[in-house]
Structures are given as C-alpha cells and as structure tokens.
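Quick notes on the structure that follows.
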Amino acid sequence: MAKKKQYWLFKSDPDDFSWQDLLESPDQTACWDGVRNYQARNLIRDEMKEGDRVLFYHSQLKPPVVMGTAVIVKESYPDDTAWEEGNKHFDKRASEENPIWQMVDIQAEKEFNFPVSLPEMRETDALEGMMLLKRGSRLSVQPVDAKHFQWIVKRGNRKKA
DNA sequence: GCCAACGTTGGC
DNA sequence: GCCAACGTTGGC
C-alpha cells in the first residue's frame with residue numbers, strides 16, 4: 001500500500017552529532033539512536049517510512065539552523081544503545097527482549113547552499129504553525145508539513161549570488 | 001549563563 | 001491518580 005511521502009525534522013546538538021558527522025559516516029548514513037521520549041519513539045516506530053525526507057536541524061547554535069536534507073533509508077528497529085552499559089542513553093529497563101526504544105537510519109541527501117536559520121523561519125509567514133516554531137516545543141523528531149518542508153528546501157537551495 | 005517549558009519520578 | 005520536585009531541552 002503506497003503511502004504519501006512524509007516529512008520530518010530531526011534535531012541534533014552538533015556537539016553530539018553534526019551534519020558533518022553524517023557526511024563522514026559510511027554511505028553518509030547513520031542510525032538515529034538515543035531518542036528517549038515516548039512521543040518521539042512512537043513517531044519513529046509507527047510513522048516513519050523508508051523514503052520519507054528529513055530536515056537536519058542543528059540546535060544549540062547561535063542561531064540554530066537547518067543544514068540540509070536527509071532521507072530515511074531504514075525503518076524502525078531496536079535502539080541497542082539503550083541496554084549498552086555506560087552508554088549516555090542507557091536505560092536499565094531496556095533489553096534485547098524488550099528494547100523499549102527504536103531508531104531509524106538516515107542518509108544525507110543534500111547540503112543547503114544556505115543553512116536556513118531559526119530567526120529567518122520565525123519571520124516567515126509561509127511557515128505559520130510549524131511545530132518547531134511553537135513555544136516550548138522540545139520534540140527532537142517532529143513531523144513537518146509538506147508545504148513547510150518545501151519552503152525551507154527552496155530557501156536553503158537557492159543559488160549563491 | 002539564565003530561565004521557561006516540558007517530561008518524568010515518586011510520595012502520598 | 002494527583003501533584004510537587006526535579007532534570008533536561010533549547011532558545012535567547
């Protein structure tokens with residue numbers, strides 16, 4: 001059953017995992033491990049499909065920016081870092097039999113000519129209602145409307161002067 | 001570095 | 001099941 005393509009935004013603190021880290025990964029592909037929030041987990045487990053496109057967002061920067069786009073290349077499977085002793089995201093309740101947490105793999109698609117900044121997005125009427133722009137929105141993986149995704153991609157990929 | 005918003009924990 | 005305390009996220 002063909003499903004309509006969906007769009008997402010993945011946040012990452014670049015000190016933890018950056019766009020550059022993704023580009024330097026084998027096949028420019030990495031597993032998105034360490035998500036420890038149920039709402040995010042449910043999106044990963046139930047909603048994300050191979051071929052869905054992703055905005056790769058650097059949080060914590062001044063200003064924060066969307067760096068480029070990626071594609072989901074592997075649908076959800078257990079996040080084994082959850083039961084890896086000493087891992088930053090270790091969860092003592094998790095095990096191979098009861099993984100609790102899930103992850104997907106993403107592959108870099110295109111680096112923007114111009115990273116699109118948060119303040120720039122905030123002042124854009126066309127992005128009205130976008131989850132990222134809502135006050136107190138901390139969800140680290142979140143759905144993005146197609147029209148919002150397309151605006152950001154167009155903006156990021158515009159030709160350099 | 002500050003702090004608001006949010007999710008989780010744990011006592012009752 | 002409520003809710004206060006706490007820890008974390010993340011913009012500023």
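By convention in this document, chain letters (A, B, ...) are assigned in the order of the sequence lines, proteins followed by strands, and residues within each chain are numbered from 1.
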### Query
For A:Arg138 and A:Pro119, take the nucleotide of DNA chain C holding the closest heavy atom to each; which residue's nucleotide lies nearer the 5' end?
A:Arg138
## Note on the structure
When rounded to whole Å, the NZ to P distance for the pair A:Lys88 and C:dT9 reads 7 Å
### Message
Whole angstroms only, please: what is the CE-P distance between A:Met130 and C:dG11?
### Response
12 Å
### Below 4.0 Å: OP1/OP2 of B:dC6 and any side-chain N or O of A:Tyr38
no
### Message
Students often get this wrong, so: under 4.0 angstrom with heavy atoms, is A:Pro64 touching a base, only sugar-phosphate, or nothing?
### Response
sugar-phosphate
#### Entry: Atom-to-atom span, NZ of A:Lys134 to C1' of B:dC6 - whole angstrom
15 Å
### Query
Below 4.0 angstrom from OP1 or OP2 of C:dC12, is there any side-chain N or O of A:Lys62?
no
### Query
Between atom CD in A:Gln142 and atom C1' in B:dC6, what is the gap in whole Å?
14 Å
### Task
Please check if any side-chain donor atom of A:Asp21 sits under 3.5 Å from a side-chain acceptor atom of A:Ser18, or the reverse.
yes
### Message
Ignoring hydrogens and geometry beyond distance, is a side-chain donor-acceptor pair present between A:Trp83 and A:Glu96 at under 3.5 Å?
### Response
no
### Query
Over how many whole Å does the gap from A:Glu123 atom CD to C:dC12 atom P extend?
12 Å
### Query
Can you tell me how far C1' of C:dT8 sits from CG of A:Asp15, to the nearest Å?
16 Å
### Task
Compare all side-chain heavy atoms of A:Trp19 with those of A:Val65 and state whether any distance is below 4.5 angstrom.
no
## Note on the structure
Taken to the nearest whole Å, NZ/A:Lys92 to P/B:dT8 is 14 Å
### Query
In whole angstroms, how far is the C1' atom of C:dT9 from the OH atom of A:Tyr57?
11 Å
### Query
So, do A:Trp101 and A:Tyr38 have ring centers that fall under 6.0 Å from each other?
yes
### Query
Are A:Arg122 and C:dC12 close enough that a side-chain N or O sits under 4.0 Å from OP1 or OP2?
yes
